[in-house]
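Position 1 is the first residue of the sequence; numbering continues from there. Because the structure is predicted, anything quoted here is derived from the model rather than measured.
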Amino acid sequence: EPNEERRVSHKFSSAALEKFLALNNLQMIIRAHQYKVHLGFQVQKHAKLITVFSSSSYCNMENEASCVLVADGKVRMMRLAPEGH
């Protein structure tokens, strides 16, 4: 469905995500740069969608950045302290 707030994107349901994952033989999606993620990362849609924000102090806002490591079948997320902290 169209995102009326941003007017440049679409929202999707958990069912749509599950269908996409099944069609593409994936277990989850890890995506980057969703501005509203102030804590560095956000786990959504029954842990099938992870959003990572990789820029601390973006536009002089107080937010944390994160990074993701996927190894040996495990997903690890780490928050990165903003510069000067």
Side-chain angles (χ1 to χ4, degrees):
E1 73 184 66
N3 183 339
E4 296 299 327
E5 181 181 338
R6 295 191 64 214
R7 300 181 188 258
V8 295
S9 62
H10 285 75
K11 296 180 181 181
F12 55 91
S13 66
S14 294
L17 176 61
E18 292 286 348
K19 182 177 179 181
F20 178 85
L21 293 173
L23 286 171
N24 292 282
N25 197 29
L26 298 171
Q27 296 177 348
M28 72 172 54
I29 292 177
I30 301 173
R31 64 182 182 169
H33 294 285
Q34 176 75 15
Y35 171 67
K36 290 186 177 184
V37 181
H38 298 288
L39 296 177
F41 66 89
Q42 183 177 24
V43 179
Q44 301 166 275
K45 309 278 189 197
H46 308 289
K48 301 282 177 122
L49 177 66
I50 298 173
T51 301
V52 179
F53 194 73
S54 59
S55 179
S56 62
S57 302
Y58 179 73
C59 292
N60 296 319
M61 303 294 288
E62 290 188 26
N63 64 286
E64 296 180 10
S66 292
C67 63
V68 176
L69 171 65
V70 180
D72 300 324
K74 296 180 182 176
V75 177
R76 294 183 176 94
M77 293 169 282
M78 296 169 275
R79 288 193 179 112
L80 308 174
E83 289 183 33
H85 290 92

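The side chain to side chain contact (heavy atoms under 4.5 Å, CB included) search around E18 returns K48, not counting sequence neighbours. The side chain to side chain contact (heavy atoms under 4.5 Å, CB included) search around L26 returns F20, L21, N24, not counting sequence neighbours.
Between the OG1 atom in T51 and the CD atom in Q42 there is a gap of 6.0 Å [rounded to 0.5 Å]. The distance from atom CG of L49 to atom CZ of F12, rounded to the nearest 0.5 Å, is 5.0 Å.
For the residue pair M28 and A47, the shortest heavy atom distance occurs at CE-O, 3.8 Å.
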